[in-house]
Every structure is written in structure tokens, then in C-alpha cells.
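Computed from a prediction, not measured in an experiment: that's the story for all the values here.
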Amino acid sequence: MAIDRRDFLKIAASTALVSLPMLSKAATQAKGRIVVVGGGYAGATAAKYLRDWSNGGLDVIVVEPRSQFVSCPLSNLVLGGNKNINDLTFGYDLLKSNHGIQWVADEVVSIDAASRVVKMKQGELAYDRLVIAPGIDFMYEQLPMLQSPQSQEVVPHAWKAGKQTVNLRKQLESMKDGGVFVMSIPKAPYRCPPGPYERVCQVAFYLKNHKPNSKVIVLDANAEIISKKGLFTKVWAEMYAGMIDYRPNSSVVDVDVATKTVKTEFESVQANVLNVIPPQRAGKIAQIVGAANVDKRWCEVDFLTYESKIISNVHIIGDSVSAALPKSAHMATSQARVCANAIVAIMGQQMPDASPVFANTCYSFVSDKMAMHVANVYRYDATKKIMVSAEGGGVSDKPSELEGNYAQAWAKNIWSDVLT
Amino acid sequence: MKIQLKISQKAHNSLLVFAGFFLLSVNAHADESEVPSPHIQTLAASCAACHGSQGNSVGGTSVLAGLDASHFVLQMTAFRNGSRSSTVMHRHAKGLTVEEINDLAVYFAQQKRVTAITPPNKRLAE
């Protein structure tokens, strides 16, 4: 007789066989095939924990066309001259070999949800459960002039770490002293809420030390700084006094790529170095499979399992999820673990945890060494059926070198957890 | 290794019938045949961003793997009530229940200490 967790607990209770919080491993072994689309923070984490927590019972196949993992967290430090992109670039070898994860270097073109098949450019894969971790996609229909690779050479977003990060750094290095760096921020939600403001600090740090007559103009589509506002405001006023010109309610409506000129509803601003961060939505695969049902941008999920609300057996994790949760790397890994744990339970005929809790810690570097945090524990609210902030969350009192050290340790540990 | 912890709210989730009758004392052995509850397994893994897989930090933060459970509870309690100052840990300690802190203590105490590594860097592909 198969004993599920609830039965086990009943038996344990009735016989006073109390060994909580440890549960017997006698429960059914999870078996089946899980395909994970995407090898970023969310996808790689899900793949690892699906294997580990099923004790190898689940076959896990990751579909990811890229052979390298480039970390977005800390990539703003490349712009400040405080990291090299190679410091943030890793392979997947240890993740694959340590956990027995299969890997397909291909791109998903569609899924057949009814017959549970993923179709790729070359071949197809059947699945029992599909996990989609596609990150973000840019809404170029709002800024079509930035869609081509050629125009992105001139006006990079650098909002997915990699070649564009290096390009933007080179542009800053080539800029004359007295030049103007213009950055635009899209309306929230977008990937990494404090990221643009951290970028402003990093660029200002570099310019202050190397090109002190230069200026930074920030065109923010939001009405105000949307993360760590008091802290960033103070840092800009104190550490980078006179350098940063912050303009709220400034949505970019047009870009003249050739002259690096951006237009908002109110003004035209010409830049020496122009960085437009476009509006964002769930990654392409989520769009293709039709899982992005909220404003045609984000994916609605069940927060106990991260299963799509509209496509059965398809789970979505990370930045693509529609939630009042920050789109951060730590959050992506936290969601990935809840999803993995739930899938292991489901595939072993057990109930997933009914009250998941996880943490998010996000650091922003304001200089080469100093950082500050925003941190929260999030807890499932069974009435609202969403994750809500628990007591105690908040931001640093002030940036510090101590937190800078912790931020570097955060990166090393999350890379270790996700990629080894 | 034997860990004794007083856990007053343990009955809450699954053993409602006993709620209020017992102060359960948990004997948690470092025993291969026992695994943590999914709730604690997932929550503990959320600590990995700063403290490494199963609490095996690569450096720069405390190693939680194999940490004495009472010590863990005392530190988390001190972060919670402010008697130990911290940059960020008070935010996490306050967000957890007493029961979760106790369970995490047991979980981390049971983890084997291993030398964790950061993956080697690669040169960004052109």
C-alpha cells in the first residue's frame, strides 16, 4: 500500500511516533521526465533541485541554446570598472556532471501542451512536467528603432549581461570628459527594480574618478525612484554631488539612433553615450506558448507549485511570473526551489507544501566597495493565494563596505549553489 | 549527534489533535533515513544565496552546515530581538516563525560540512 504524506502523518500522530520535522523517506519515489527551458538563475536552480530532491528519480533535461552563464547581478560593476565581464561568466559543466542533468543546446519553438511535447529547432522532447524559465523579453514594438543588432551596437540596453555590457563599458571609456551619459528606465515592472539606480551609481563612480566634468541624465518613466529611494537619493546627493540629473515621469517615446537623441513627451535629450532600457515582458518562450496571460506581458501562476494558471503541467518561474515580488536573481532561485519541491511531491503522488516561505536579499553597489540591501521574507497567504511580505523586511540604514563584502559573498555563494 | 530542542508550536500544521497538550521534544538524529519536511527543505535552500548549498558557504558568510542547533537558535533569536546587531540578518530572523527557526537549526545541524566552490570563470564567448 502506498502511504501518502497525509496518511503517514495520521499514523505518526495516532502512534505518537513523533519525529517532526523529519518525515520518513518511505513515501513514494518521484519518477518521470521534467524538461526545463532556460538555464539562467531560475532554470539552472530548478534543474539541480529537481534532481537532488527526487534523489535522481526524475530525469531532468535543460534546453538552453547558450553555453555560458553570464550573471546580471554584479554586471553594473563592469560599467564602473570594478569587475571584468569574465568574472561573471561561467560554464554549466559542474552543474551538469554533479547532478546528472541532461542538456540540449537548442531553442524551443513551440509546445504541444495536450500531448506534452516540446518542439525545438532540431527535434522534440516529451515531458511529464515542463518548467519554463525564460527571463525577460524587450517590447520593441514600443521602440522599433532599437530592435536591430546594429542599432543596439550604438544604443545598448545592457540589461542582459554579456556583450552589450562590454560595449557600454567601452563607450564610457571612449567618452570625452565633459560628455553626457543618458540612461532611460522603463515603467515597472521590469527585471531588477534597483538595478537602474545602481547603474547610475556605477557610471557616476567611473566618471567622477576619470571624467569629472561629465554628467549623468536619468530619464525615469516612473514617478519616482522605485527601489531604495531614500538611500539612492542620499548617495547621489552626497557621493556624486552635481553629477546626476534625475528626471521622473520621463517615458522615452522615440530614439534617433544616429545622433543618440532620445525624445520623451516633454523634451529631446542628446547623449554622448546612450543607454535605453526598454519596457519588458515575460521571455519569448512564455509568449510563444501563450502562458503570458496578464496584460499579455506576465504569467499568472499558482504560488504553491508555479504551475501556469492557464496551461496544465507547465510551470513558470523567475522574472516572467506575474507577482508583487521583485524580479531578482535570489527571487528567481527561491521560486525555482518551491517549484522543484512541488514537482517532486506531485510526481511522487504527494501534496506540495501548502505554506511556502522564502527569502530575498538584493544588494546594490553604490561605489567600488560600498553596497546596501533590500531584504524580505515572503510567506504564502492562503486567503489571498499569493506570496506576501513577512514582518521585518526593509532596506539598509546606509551603504557600507561591510555590506559590500556581503554582496560579494552573496554572489559567490549563489553562483556556487546554482552552478555546482 | 543528538539535538534537543523545545518546540512549542510543532503540532500546528499536521498534528492538530495534539495541539495544546504537548511540548514536543524533538530528537533529531543525523540519520540517513530521515529527510526534512518539504517546507523546511525549501526554506533552508533559500538561505543558499548567501550561505551556500546546504549551508556550506564558500566564504564571506557563516558556514551553517553542521552548526550546533542551539547556537543557531540563540543567534537567530538575538537577531530577532536586536540583542545581536546585524546588517541584514535581523530582516530574515524577524520574518520567520519560532518553529521555522527551530526546524532550520535542526536541518543545518544535520548537514555535512563539505568544501564548496565557486564555479571557475570562463572567458566571455564572442
Side-chain angles (χ1 to χ4, degrees), chain A residues 9 12-13 18-25 49 53 67-68 70 85-87 89-91 94-95 162-163 166 329-330 333-334 337-338 341 345 352-353 355-359 361 373 375-377 379 390-394 396 400 402-403 405-406 408-410 412-417 419-420, chain B residues 7 10 13-15 17-18 22 24 26-29 31-43 45-53 56-61 80 87-88 90-97 99-100 102-103 106-107 110 116-126:
Chain A
L9 288 169
V18 178
S19 64
L20 290 170
M22 304 299 138
L23 294 174
S24 166
K25 211 189 242 178
Y49 283 95
W53 286 341
S67 62
Q68 293 187 330
V70 188
I85 195 76
N86 298 331
D87 299 334
T89 305
F90 306 96
L94 291 173
L95 175 67
K163 277 190 256 180
V166 176
H330 191 176
T333 61
S334 286
R337 296 189 196 94
V338 173
N341 208 287
D353 179 17
S355 55
V357 175
F358 53 60
T361 304
H373 74 260
N376 274 285
V377 169
R379 191 171 283 285
E391 193 193 335
S396 305
S400 67
L402 180 60
E403 290 211 47
N405 292 339
Y406 285 141
Q408 299 279 2
W410 175 97
K412 285 183 184 145
N413 278 295
I414 201 168
W415 293 333
S416 174
D417 185 48
L419 296 169
T420 72
Chain B
I7 298 174
K10 194 61 260 179
N13 280 340
S14 330
L15 301 172
V17 63
F18 286 152
F22 292 119
L24 296 178
V26 173
N27 288 318
H29 305 268
D31 185 337
E32 293 289 308
S33 69
E34 290 173 335
V35 292
S37 70
H39 183 76
I40 289 305
Q41 194 172 47
T42 315
L43 175 56
S46 185
C47 307
C50 293
H51 293 279
S53 303
N56 281 296
S57 171
V58 296
T61 56
R80 231 167 117 91
T87 56
V88 70
H90 59 296
R91 307 219 171 277
H92 297 304
K94 282 179 187 168
L96 303 176
T97 64
E99 187 182 357
E100 283 163 348
N102 288 336
D103 290 353
V106 173
Y107 172 86
Q110 289 186 319
I117 57 158
T118 45
N121 286 122
K122 301 269 183 190
R123 196 178 169 78
L124 180 69
E126 286 307 309

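- Taking A/Ile414, A/Asn86, A/Val377 one by one and counting their heavy-atom pairs under 4.5 Å with chain B, the maximum is reached by A/Asn86.
- With respect to chain B, the highest number of heavy-atom pairs below 4.5 Å among A/Trp53, A/Tyr49, A/Trp410 belongs to A/Trp53.
- Listed options B/Gly60, B/Cys50, B/Gly59 were ranked by heavy-atom pairs under 4.5 angstrom with chain A; first place goes to B/Cys50.
- Checked against side chain to side chain donor-acceptor pair (under 3.5 Å), B/Thr87 has no partners two or more places apart in sequence or in another chain.
- Between B/Leu124 and A/Gly162, the shortest heavy-atom contact is CD2-C, 3.9 Å.
- Among A/Ile85, A/Asp417, A/Thr333, A/Leu94, the residue with the largest count of heavy-atom pairs under 4.5 Å with chain B is A/Asp417.
- Expressed to the nearest 0.5 Å, how far CD1 of B/Ile117 lies from NZ of A/Lys412 amounts to 13.5 Å.
- Put simply, the side chain of A/Arg379 gets close to the backbone of B/Gly95: a donor and an acceptor are under 3.5 Å apart.
- A/Val357 and B/His39 get closest at one heavy-atom pair: CG2-CE1, 3.5 Å.
- Here A/Asp87 is the residue among A/Asn376, A/Leu95, A/Asp87 with the most heavy-atom pairs under 4.5 Å with chain B.
- When B/Ser53, B/Ala45, B/Ala49 are compared by the number of non-hydrogen pairs under 4.5 Å with chain A, B/Ala49 comes out ahead.
- Nearest heavy-atom pair, A/Gln68 versus B/Arg123, reported as atom, atom and distance to 0.1 Å: NE2-O, 2.8 Å.
- Distance CG/A/Asn405 to OG1/B/Thr61: 11.5 Å, rounded to 0.5 Å.
- Without hydrogens or angle criteria, A/His330 side chain to B/Ser46 main chain gives a donor-acceptor distance under 3.5 Å.
- Checking side-chain atoms of A/Asp353 against main-chain N and O of B/Pro38 turns up no donor-acceptor pair under 3.5 Å.
- Rounding to the nearest 0.5 angstrom, the gap separating the OG1 atom in A/Thr361 from the CZ atom in B/Arg91 is 10.0 Å.
- Chosen from B/Pro120, B/Ala116, B/Cys47, B/Ala93, the residue pairing most often with chain A at heavy-atom distances under 4.5 Å is B/Pro120.
- A/Phe90 is linked by a ring pair (Phe, Tyr, Trp, His ring centres under 6.0 Å) to A/Trp415, counting only residues two or more places apart in sequence or in another chain.
- Put simply, CG on A/Asn341 and OG1 on B/Thr42 are 3.5 Å apart, with the number rounded to the nearest 0.5 Å.
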Requested in this report: Show the numbers, then the answer: is there a side-chain contact (heavy atoms from CB on, under 4.5 Å) between A/Asn413 and B/His51?
Outcome: CA-CA 6 Å; A/Asn413 278 295; B/His51 293 279; 6.0 Å; no

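- Of all the listed residues (B/Glu100, B/Arg80, B/His90), the one sharing the greatest number of non-hydrogen pairs under 4.5 Å with chain A is B/Glu100.
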